[in-house]
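Each remark here refers to the structure printed beneath this line.
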Amino acid sequence: MKTRTCGELREKDAGTPVSLAGWVNRRRDQGGLIFIDLRDRWGITQVVVDLELAPAAHAIADRARNEYVLQVSGMVRIRPEGTANPELPTGDIDIVADEIVILNKSKTPPFYINREDGNVDEALRMRHRYLDLRREPMQQNMVLRHKTVKFIRDFLDAEDFIEVETPILFKTTPEGARDFLVPSRLQPGMFYALPQSPQQLKQLLMVGGIERYFQIARCFRDEDLRGDRQPEFTQLDLEMSFVEREDVMQLMERLASEIVKTLTPEKRLIAEPFQRILYRDALEQYGTDRPDIRFDLRAIDISHIAGRCAFPVFVENVKAGKPVKCLRVPGKAAALSGTQLRKEARDLENMARRAGAKGLAYITVPTEEEGELRGPIGKFFSVELKLELLDAVGAEGGDLLLFMSDEPEIVYAVTDALRNHFKAELQLDDNLLAFCWVIDFPEFIWDDEHERWDPSQHMFTMPLSEDLHLLDSDPGAARGSQYDLICNGYEVGGGSIRIHDRQIQEKIFPLIGQTMEHAMAEFGHMLEAFEYGAPPHGGMAWGIDRLVMLLAGTPNIREVIAFPKTQGGADIMAHAPSSADGAQLKELHIQLDLPEEPAD
RNA sequence: GGGGGCGUGGUGUAGCGGUUAACAUGCCGGCCUGUCAAGCCGGAGAUCGCGGGUUCAAAUCCCGUCGCUCCCGCCA
């Protein structure tokens with residue numbers, strides 16, 4: 001139906017007879033002359049329909065409306081002097097139509113397909129996602145996503161990886177996120193679970209001698225949604241045998257860097273090699289294990305100074321072993337009037353309280369013409385102590401210094417909240433991609449509620465070899481081999497060296513509160529596999545959706561997924577989920593036990 | 001489970017106790033042979049998400065509810 005696309009014709013094609021097909025992006029009716037911007041995935045080409053040259057085509061063009069599907073036959077022609085459109089790649093030519101066929105009509109779309117600035121209610125876009133996908137930004141995102149996955153496949157193929165598919169119907173995993181369950185008809189009362197990740201299977205592939213495996217894998221987690229989280233999402237899942245942490249990290253770093261340079265040359269990487277941040281430092285300085293390092297706003301521990309001031313809260317906290325930390329906001333005080341500053345301080349304090357703090361102290365650093373430190377707690381610091389403080393945090397005139405003191409976890413939360421607040425003010429550059437590695441996570445994190453250790457990544461993570469002995473003596477101090485790849489505050493991926501030794505794996509279960517019977521029932525196949533010559537192995541999993549989202553420069557994962565779910569986990573186009581009919585449920589031996597509808 | 005935001009012609013917004021509910025765009029009709037966010041003229045189109053309440057009077061205030069969204073919890 002089409003001999004050429006709507007994006008490719010140029011001056012050199014003049015005189016070629018062509019047939020184009022696509023959608024009416026816009027129609028401009030001049031009376032005897034009708035212009036139609038015909039759009040397909042590759043671009044827009046202007047079609048000219050002249051009443052005198054082609055009366056039949058003109059009559060059809062007269063009836064055409066936006067989003068009608070047309071097939072146009074005609075001659076490529078260089079546009080008359082002075083009518084070229086430099087905005088359009090095809091703007092030097094147009095098609096003089098001699099025949100137009102309406103392949104299909106279209107109702108007036110519920111929102112604009114042909115406008116860049118279209119700020120449309122997202123629910124409406126989702127209800128008509130097939131129309132939304134026609135819009136230029138979505139077309140670009142879909143292409144970018146394809147190119148990203150294609151690049152990854154080619155890259156890993158060149159590195160001798162092979163792609164292996166693992167089952168979608170698999171086994172429930174009692175740890176971690178909630179599973180999506182699928183009832184088994186053949187085995188009444190039994191359930192498959194959709195994989196949260198192919199973790200176990202890829203390790204078994206390593207035991208199976210695949211050595212270098214990857215998969216573009218769909219994964220499922222039944223947890224609440226976020227702007228960067230969907231219940232089903234796509235991972236680049238990857239595993240390698242006979243590697244150490246450094247081998248995986250270096251290959252993965254090269255992949256990340258080459259993706260960015262090849263697919264989005266307009267983006268800049270903040271640093272190569274990627275900065276490596278210890279988990280402990282990430283928490284202490286940024287208050288999170290996925291720091292956005294595009295801006296340098298870090299909490300500094302000043303307990304050793306604050307403990308000697310006269311502010312009772314600080315003194316008591318330091319005595320009780322709680323840290324006092326300072327966040328220096330450069331130039332913030334100078335930018336605000338006294339009234340504004342007091343309001344800002346109130347807002348920040350409320351923010352800190354929401355994060356769990358009891359308060360938030362501040363002082364401002366004087367510029368040269370002013371004299372004193374201002375702010376409620378300035379008076380508690382002697383002159384010498386003030387100088388020591390300013391020196392410790394590198395303060396300059398006009399800075400706002402914020403002070404947090406509480407249990408470490410609360411200080412982390414406040415640091416994170418404040419950093420996110422100031423980040424929003426900074427209007428950071430989306431074209432800057434600040435990749436960094438976070439490493440040396442603890443192997444376990446203490447779970448107060450269940451009084452046990454939880455794996456900080458998962459139960460198959462190998463502890464660092466120098467910390468292996470700590471599993472017996474001080475599991476809380478053992479570091480795992482985990483590495484997370486962070487970009488602009490998003491966790492793009494994570495991985496680790498895995499346990500391939502049954503004895504080590506068996507030590508993990510009691511620590512995380514599992515009996516050996518339970519472990520055997522759930523993971524016996526893993527333990528058994530480890531006994532048949534499991535090679536040392538490790539790997540990584542990337543969130544493809546998040547990666548593409550960063551490459552596309554959108555903060556919303558739904559923009560890079562063709563048919564995403566709403567925050568309520570629904571597809572409001574096709575109306576999923578939906579109720580099952582009685583016969584289906586009966587066949588599966590399922591009875592519903594729904595909460596009572598409240599009676600009015 | 002919790003906190004915040006939004007919901008007004010097809011679309012995007014304004015209005016925030018008394019308006020014939022405004023504007024832009026789109027849509028329909030007309031004119032127009034070089035437009036390209038075309039232009040000009042005319043027209044249709046909204047019980048202001050839904051339910052209840054306060055009031056002489058509600059798009060506007062209050063309560064509830066539904067939908068979408070952002071965040072916390074949750075996400076090995």
Side-chain angles (χ1 to χ4, degrees), chain A residues 25-38 44-53 58 65-67 77 79-88 90-91 94 96 107-128 131 173-179 196-197 199-200 219-231 233 290 350-351 354-356 413 416-417 420-421 424 441 443-445 447 449 453-461 480 482 491 494 496 508 512 514 541 543 555-556 558 565-570 572 598 600:
Chain A
N25 194 59
R26 226 180 279 277
R27 188 182 72 110
R28 291 176 295 279
D29 186 352
Q30 307 287 306
L33 206 58
I34 296 174
F35 296 96
I36 290 173
D37 290 341
L38 199 65
I44 287 177
T45 297
Q46 175 167 279
V47 176
V48 191
V49 196
D50 190 315
L51 177 61
E52 285 179 9
L53 294 178
H58 186 275
R65 292 293 181 271
N66 281 352
E67 300 310 314
R77 191 196 53 181
R79 293 196 191 184
E81 187 72 29
T83 62
N85 183 354
E87 302 290 308
L88 216 56
T90 60
D94 50 25
V96 184
K107 297 193 346 187
T108 302
F111 51 87
Y112 301 112
I113 312 295
N114 53 11
R115 295 192 171 202
E116 285 272 351
D117 61 336
N119 181 21
V120 187
D121 176 49
E122 200 180 337
L124 191 65
R125 291 174 55 198
M126 289 304 167
R127 203 162 293 130
H128 303 275
L131 290 178
T173 48
E175 310 304 316
R178 243 177 243 113
D179 285 318
Q196 297 182 26
S197 96
Q199 180 62 37
Q200 294 184 40
C219 303
F220 306 85
R221 292 177 191 174
D222 188 7
E223 297 295 342
D224 286 0
L225 290 80
R226 284 284 190 286
D228 66 345
R229 238 162 60 190
Q230 284 272 308
F233 58 100
R290 44 182 180 88
N350 285 334
M351 216 172 287
R354 276 198 295 278
D416 189 37
N420 282 329
H421 167 76
F441 284 69
E443 177 78 11
F444 306 105
I445 291 173
D447 178 350
E449 190 190 340
W453 294 102
D454 279 342
S456 100
Q457 186 189 27
H458 54 61
M459 67 180 82
F460 307 110
T461 301
Q482 180 184 355
E491 184 189 335
S496 62
I508 303 290
I512 61 177
Q514 293 196 10
N556 186 332
R558 295 183 297 276
K565 305 282 188 289
T566 65
Q567 195 160 44
I572 53 179
D600 293 311

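Lettering of chains follows the sequences in order, A, B, ..., and the numbering in each one begins at 1.
- For A:Glu67 and B:G26, the CD to P distance is 14 Å, given to the nearest whole Å.
- With sequence neighbours excluded, the residues satisfying ring-ring contact (aromatic ring centres under 6.0 Å, His included) with A:His458 are A:Phe460.
- Searching all strands for a Watson-Crick or G-U wobble partner of B:C36 with both distances below 3.5 Å returns nothing.
- For A:Asp224, the salt bridge (Lys or Arg N to Asp or Glu O under 4.0 Å) criterion is met by no residue, not counting sequence neighbours.
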Protein and nucleotides 7-14 of chain B: nitrogen or oxygen contacts under 3.5 angstrom:
unit_1: B:G10; atom_1: O2'; unit_2: A:Pro110; atom_2: O; d: 3.3
unit_1: B:G10; atom_1: N2; unit_2: A:Tyr112; atom_2: OH; d: 2.8
unit_1: B:U11; atom_1: O4'; unit_2: A:Pro110; atom_2: O; d: 3.4
unit_1: B:G12; atom_1: OP1; unit_2: A:Asp121; atom_2: N; d: 2.8
unit_1: B:U13; atom_1: OP1; unit_2: A:Asn119; atom_2: ND2; d: 3.1

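- Residue A:Thr566 places at least one side-chain N or O under 4.0 Å from the OP1 or OP2 atom of B:C68.
- OP1 or OP2 of B:A38 sits under 4.0 Å from a side-chain N or O of A:Arg28.
- B:G7 is paired with B:C66 under the criterion used here, namely a Watson-Crick or G-U wobble arrangement in which both key atom distances are under 3.5 Å.
- Residues meeting the side-chain contact (heavy atoms from CB on, under 4.5 Å) test with A:Asn114, sequence neighbours left out: A:Asn25, A:Arg26, A:Asn66, A:Tyr112.
- The side-chain contact (heavy atoms from CB on, under 4.5 Å) test applied to A:Asn556 returns A:Glu122, A:Thr554, A:Arg558, A:Glu559, not counting sequence neighbours.
- Taking 4.5 Å as the limit, every side-chain heavy atom of A:Arg221 sits out of range of all side-chain heavy atoms of A:Pro231.
- Considering only side-chain N and O atoms, A:Asn85 lies nowhere under 4.0 angstrom from the phosphate OP1 or OP2 of B:G34.
- For A:Pro80, the side-chain contact (heavy atoms from CB on, under 4.5 Å) partners at least two apart in sequence or on another chain are A:Arg77, A:Thr83.
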Report, one pair per line, the protein and nucleotides 45-50 of chain B atoms (nitrogen or oxygen only) whose separation is under 3.5 Å.
none

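- Residues satisfying the ring-ring contact (aromatic ring centres under 6.0 Å, His included) criterion with A:Phe35, sequence neighbours excluded, are absent altogether.
- Whole-Å rounding puts the A:Glu87 CD to B:U35 P distance at 15 Å.
- Annotation: side-chain contact (heavy atoms from CB on, under 4.5 Å) contacts of A:Leu131 (sequence neighbours excluded): A:Pro109, A:Pro110, A:Phe111, A:Ile113, A:His128, A:Arg134.
- Evaluation of atom-type donor-acceptor distances gives a pair under 3.5 Å for the side chain of A:Arg229 against the base of B:C74.
- Positionally, the nearest nucleotide of RNA chain B for A:Gly32 lies more toward the 5' end than for the other of A:Thr83 and A:Gly32.
- With RNA chain B read from its 5' end, the first of the two nearest nucleotides for A:Asp224 and A:Pro80 is the one closest to A:Pro80.
- Between the side chain of A:Arg127 and the base of B:G67, no donor-acceptor pair of N or O atoms lies under 3.5 Å.
- Straight-line distance from the CZ atom of A:Phe35 to the P atom of B:C32: 16 Å, rounded to whole Å.
- Between A:Glu491 and A:Arg290 there is no salt bridge, since none of the side-chain N atoms of the basic residue sits less than 4.0 Å from a carboxylate O of the acidic one.
- Evaluation of atom-type donor-acceptor distances gives no pair under 3.5 Å for the side chain of A:Arg354 against the base of B:C71.
- Spacing between atom CZ of A:Arg125 and atom C1' of B:G67 amounts to 17 Å, rounded to whole angstrom units.
- Atoms CD (A:Gln567) and C1' (B:C68) sit 8 Å apart, rounded to a whole Å.
- B:A22 is paired with B:U13 under the Watson-Crick or G-U wobble criterion, all donor-acceptor distances under 3.5 Å.
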(request) Please test A:Gln196 against A:Asp179 for side chain to side chain donor-acceptor pair (under 3.5 Å), starting from the C-alpha separation and ending with a verdict. (result) CA-CA 7 Å; A:Gln196 297 182 26; A:Asp179 285 318; 2.7 Å; yes
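- As rounded to whole Å, 7 Å separates atom C1' of B:U33 from atom CD of A:Gln30.
- Across all strands shown, B:G45 forms no Watson-Crick or G-U wobble pair with both key distances under 3.5 Å.
- Between B:C28 and A:Arg65, a contact under 4.0 Å exists linking OP1 or OP2 to a side-chain N or O.
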